[in-house]
Amino acid sequence: MKRTLLICLIFLFSLTSSFANDRDVRLNQLFNELKVNKAKVAAIVEQEIWSLWSTHPTDEKLTARLEEGSMFVRNQQPKRAREIFTEVIKLDENWAEAWNKRATVLYMLGEYQKSQDDIDKVLELEPRHFGALAGQGLVNIQLKNFEKAIRSYKQAQEIYPSMRSPEIMIKQIEDLMKEQTI
């Protein structure tokens with residue numbers, strides 16, 4: 001009985017201590033899977049990546065605040081969402097997803113350069129953030145930086161080959177550039 005209890009305790013301890021340590025390992029595995037899997041499987045892998053990104057590694061309260069801000073985005077209250085995301089960033093400046101969420105809201109509010117500044121921080125913290133790269137493409141379309149927008153989409157596509165938006169957006173940007181030279 002004592003031996004069984006000891007084994008259970010060791011197992012539980014290893015699970016909790018390995019969660020924090022294995023987060024980066026798991027993300028690396030997922031990004032490797034993202035590169036080799038077809039669209040259907042890649043979509044599942046993508047969801048797992050988003051889940052890890054949206055879960056603070058050590059603070060459940062910050063995860064809850066991020067979700068609260070996301071709820072305001074879904075309810076079309078971007079200014080309130082921006083306040084919450086800014087608060088979360090102040091509490092943990094190293095959480096890439098908080099910066100990414102605020103970048104999205106800033107884009108929605110038409111504050112494109114501020115959105116780009118936040119995207120720069122996201123990519124500094126998580127260079128594989130395909131969502132931020134796709135967002136950067138949108139921002140740079142608005143800023144008329146078409147070449148940079150294309151580069152952003154190509155980077156996203158390198159990380160996530162079966163992601164659909166890069167191919168679509170690159171074609172639209174190239175068409176837009178052709179129209180402007182006529």
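- To the nearest 0.5 Å, atoms CD (E83) and CD (Q77) are separated by 10.5 Å.
- Q172 contributes atom CD, which lies 11.0 Å from atom CD of E174 (distance to the nearest 0.5 angstrom).
- Placement of I44 and I49 in two distinct hydrophobic clusters is found when ILVMFWY residues are connected by side-chain heavy-atom separations under 4.5 Å, directly or transitively.
- T86 pairs by the side-chain hydrogen bond (donor to acceptor under 3.5 Å, both in side chains) definition with R102, not counting sequence neighbours.
- Hydrophobic clustering, with ILVMFWY side chains joined whenever heavy atoms are under 4.5 angstrom apart, keeps L66 apart from I119.
- The list of salt bridge (charged side-chain N to carboxylate O under 4.0 Å, His left out) pairs with a residue in residues 154-166, not counting sequence neighbours, is empty.
- Note: W53 and F31 have tilted aromatic rings, judged against thresholds of 30 and 60 degrees for the angle between ring planes.
- Under the 4.5 Å side-chain heavy-atom criterion for ILVMFWY residues, a single connected hydrophobic cluster contains both L133 and Y153.
- For K171, the salt bridge (charged side-chain N to carboxylate O under 4.0 Å, His left out) test picks out D175, with sequence neighbours left out.
- Under the 4.5 Å side-chain contact rule for hydrophobic residues, I168 and L176 do not share a cluster.
- Nearest heavy-atom pair, L123 versus A132, reported as atom, atom and distance to 0.1 Å: CD2-CB, 4.0 Å.
- No side-chain donor from either of E97 and H56 sits under 3.5 Å from a side-chain acceptor of the other.
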I would like to know whether K79 and R82 meet side chain to side chain contact (heavy atoms under 4.5 Å, CB included); could you show each step before the answer?
CA-CA 5 Å; K79 289 181 181 179; R82 178 182 54 193; 4.0 Å; yes

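- Y160 pairs by the ring-ring contact (aromatic ring centres under 6.0 Å, His included) definition with F130, not counting sequence neighbours.
- Here Y112 pairs with Y107 under the ring-ring contact (aromatic ring centres under 6.0 Å, His included) rule; sequence neighbours left out.
- Grouping the Ile, Leu, Val, Met, Phe, Trp and Tyr side chains by contacts below 4.5 angstrom, directly or via other members, places W50 apart from V105.
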Less than 3.5 Å apart, which donor and acceptor atoms pair up between the side chains of residues 142-149 and the rest of the protein, not counting sequence neighbours?
from, atom 1, to, atom 2, distance (Å)
N145, ND2, N140, OD1, 3.0

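- Residues V139 and S115 share a closest heavy-atom pair of CG2-OG, 3.4 Å.
- Listed by first and then second residue, the salt bridge (charged side-chain N to carboxylate O under 4.0 Å, His left out) pairs that reach into residues 48-63 are R26-E48, sequence neighbours excluded.
- Between the OG atom in S51 and the CG atom in L30 there is a gap of 10.0 Å [rounded to 0.5 Å].
- Nearest approach of V88 to A98, heavy atoms of both residues: CG1-CB, 3.7 Å.
- For E67, the salt bridge (charged side-chain N to carboxylate O under 4.0 Å, His left out) partners two or more places apart in sequence, or in a different chain, are R74.
- Under the 4.5 angstrom side-chain criterion for Ile, Leu, Val, Met, Phe, Trp and Tyr, the cluster partners of L125 are I89, W99, V122.
- Applying the side-chain hydrogen bond (donor to acceptor under 3.5 Å, both in side chains) test to T104 and every residue at least two apart in sequence or in another chain returns nothing.
- The structure places CD1 of I141 at 9.5 Å from OG of S152, a figure rounded to the nearest 0.5 Å.
- Applying the side-chain hydrogen bond (donor to acceptor under 3.5 Å, both in side chains) rule to E87 yields the partners R65; only residues at least two apart in sequence or on another chain are considered.
- The shortest heavy-atom contact between A42 and L34 is O-CD1, 3.6 Å.
- Considering only residues two or more places apart in sequence or on other chains, E126 meets the side-chain hydrogen bond (donor to acceptor under 3.5 Å, both in side chains) condition with R128.
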